[in-house]
Amino acid sequence: MADIEKTLLDLDREELCSWVKEWGSPGYRADQILEWVYRKGVYEFEKMSNLPLRFREKLARDLPVTRSKVLDWVQSVDGTQKATVELADGEIIETVLIPEPDRQTLCVSTQVGCAVGCVFCASGLYGVRRNLSAGEILYQFLIAVERLAREGKDRLTNLVVMGIGEPLHNYSALTRSIGILNASWGGQFGARRMTVSTSGVVARIRQLAREPWSVGLAISLHAASEDLRQRLVPGRGIGTVADILEAGREYHLHKGRRVTVEYCLLDGVNDSPEEANQLASLVGGGSFKVNLIPHNPVEGLPYRPSRKHVAEQFRSVLDRRGVPVTLRRPRGEGVSAACGQLRVLSMEPGGHGS
Ligand code: SAH
Ligand code: SF4
């Protein structure tokens, strides 16, 4: 994996203070810089008018705010917007803004590709190329905030870590970016409005439960029976269904937040009433709610979304058994932007990422 040079967005307040002092400037300069970046959305040092000129020049040379850039934003008919972002080393990731009447949700990526390789997901098709840095994760947040402000839209209300990659395979950058997002000097974004989605890295779920902030947790289960789960989510280092749900229960206990079980309904694969019943037996008891996701077909993969009445039947089995359940409607189809399966477009021969 390439060694990505540090940018200002990778640093927390304390680290920035040290840099600033090392350069012979007073520590309060760090707060002035953070104010420009996180409060005013200004990334060019030449515009930071309350900083001395020489200091600004030095910053621009040695510690740019970011080395990422937005290549374009595209909008689907349902209003979902997808940003294609180019990273310093030319890798491409995507970030998706999902507007709804009562909230604005941002879906961020944490890796270039993914090592888990779920059989129905585009992100894992080519394995993982590298982790994103904390700054590269934060950048996605900042461009979304800027986009919404520029369009005069409502502010961002929710952030889901459900884009490209397995967030718990990039734990240190993930938790650093959550800390900065949440900080009063940083994003000022409430942890309770963030959700981390994982395919089931059990040890890291347990670690996340011990972190100081209460982010929401979503577990992408997709199967109730162990053999089916192993076929759909083949990645090594991912726990068994029983272990994952046990870790989910502990998370609920620690944080007092119900854990979401994500279940992508695949036609004829995991959508039988038997699977629904088995799932209901596993997730009953109040620690979980189930979110049924219609599959977004991926070119070259043989999976199709479940038929409407089958999905509805699956939902009603859970409902009858007292499990809180929602059936999500597809989003962002026009921009192939249901989170989690976007990267393939730029990985195709001749695309930016190849
Ligand atoms: N790697 C993490 C987070 C990113 S994927 C995880 O797996 O949880 C986010 C969600 O998108 C997961 O629930 C995943 O199963 C789902 N997903 C992936 N590909 C999809 C597709 N083609 N259609 C619908 N949902 C998909
Ligand atoms: Fe990776 Fe999540 Fe896609 Fe599975 S669903 S391959 S874990 S991004």
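Both counts, for ligands and for their atoms, begin at 1 and track the order of listing. For clarity, every value in this text was computed on a predicted model and none was experimentally measured. The figures that follow rest on heavy atoms only: side chains count, while hydrogens, waters and symmetry mates do not.
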Candidate pair Gln207 and Arg210, rule side chain to side chain donor-acceptor pair (under 3.5 Å), full reasoning: CA-CA 5 Å; Gln207 195 171 346; Arg210 293 192 297 269; 5.5 Å; no
Asp31 bridged to Arg13 by N-O distance under 4.0 Å: yes
Do Glu94 and Ser109 have a side chain donor and acceptor closer than 3.5 Å? no
Which of the atoms of ligand 1 are close to Cys121, meaning less than 4.0 Å from one of its heavy atoms? 18 (C), 19 (N)
If we only consider heavy atoms of Cys264, is any one of them less than 4.0 Å away from an atom in ligand 1? yes
Closer than 4.0 angstrom, basic N to acidic O: yes or no for Glu166 and Arg204? no
Which of the numbered atoms in ligand 1 are below 4.0 angstrom from a heavy atom of Thr198? 6 (C), 8 (O)
State plainly whether the residues Lys308 and Glu312 are in salt-bridge range, i.e. N to O under 4.0 Å. no
Using a 4.0 Å heavy-atom cut-off, which part of Tyr303 comes near ligand 1: side chain, backbone, both, or neither? neither
Below 2.8 Å, can you find an N, O or S atom of Cys114 next to atom 1 (Fe) of ligand 2? yes
Provide the number and element of each atom of ligand 1 under 4.0 Å from a heavy atom of Glu166. 1 (N), 2 (C)
Measure Ile164 to ligand 1 on non-hydrogen atoms and call it side chain, backbone, both or neither using the 4.0 Å cut-off. neither
Enumerate the atoms of ligand 2 whose separation from the nearest heavy atom of Gly165 is less than 4.0 angstrom. 8 (S)
Strictly under 2.8 Å, is any N, O or S atom of Cys118 next to atom 3 (Fe) of ligand 2? no
What atoms of ligand 1 come within less than 4.0 Å of a heavy atom belonging to Glu262? 13 (O)
At a 4.0 Å threshold, what atoms of ligand 1 neighbour a non-hydrogen atom of Gly163? 4 (C)
Are side-chain N/O atoms of Arg321 and Ser281 paired as donor and acceptor at under 3.5 Å? yes
Which atoms from ligand 1 have a heavy atom of Val298 less than 4.0 Å away? 22 (N)
For atom 7 (O) of ligand 1, tell me which residue out of Ser220, Cys107, Ala115 has the closest non-hydrogen atom. Ser220
Looking at ligand 1, would Ala218 count as a contact under a 4.0 Å heavy-atom criterion? no
If you look only at pairs with a residue in residues 266-314, which of them pass as a ring-ring contact (aromatic ring centres under 6.0 Å, His included), with sequence neighbours excluded? Phe120-His295, Tyr263-Phe314
Against heavy atoms of Asn296, which atoms of ligand 1 measure under 4.0 Å? 21 (C), 22 (N), 23 (N), 24 (C)
Check whether the side chains of Ser133 and Asp10 place a donor and an acceptor atom closer than 3.5 Å, and report yes or no. yes
Can a non-hydrogen atom of Ser220 be found less than 4.0 Å from any atom of ligand 2? no
Would you mind finding which of Gly165, Ser197, Ser199 brings a heavy atom closest to atom 1 (N) of ligand 1? Gly165
Between His295 and ligand 1, find which residue part has any heavy-atom pair under 4.0 Å and reply side chain, backbone, both or neither. both
For Ser199, the atoms of ligand 2 under 4.0 Å from one of its heavy atoms are 7 (S)
Side chain to side chain contact (heavy atoms under 4.5 Å, CB included) with Ile244: of Thr198, Ile219, Val201, only one passes, and it is Ile219
Measuring from the heavy atoms of Pro294, does anything fall under 4.0 Å of ligand 1? yes
Output a table of donor-acceptor pairs, distance under 3.5 Å, between side-chain atoms of residues 155-164 and any protein atom two or more places apart or on a different chain; print 'none' if there are none.
from   : atom 1 : to     : atom 2 : distance (Å)
Thr157 : OG1    : Gln104 : N      : 2.9
Thr157 : OG1    : Gln104 : O      : 3.1

Glu57 and Arg61 ion-paired at < 4.0 Å: no
Between Glu274 and Gln278: side-chain donor-acceptor atoms closer than 3.5 Å: no
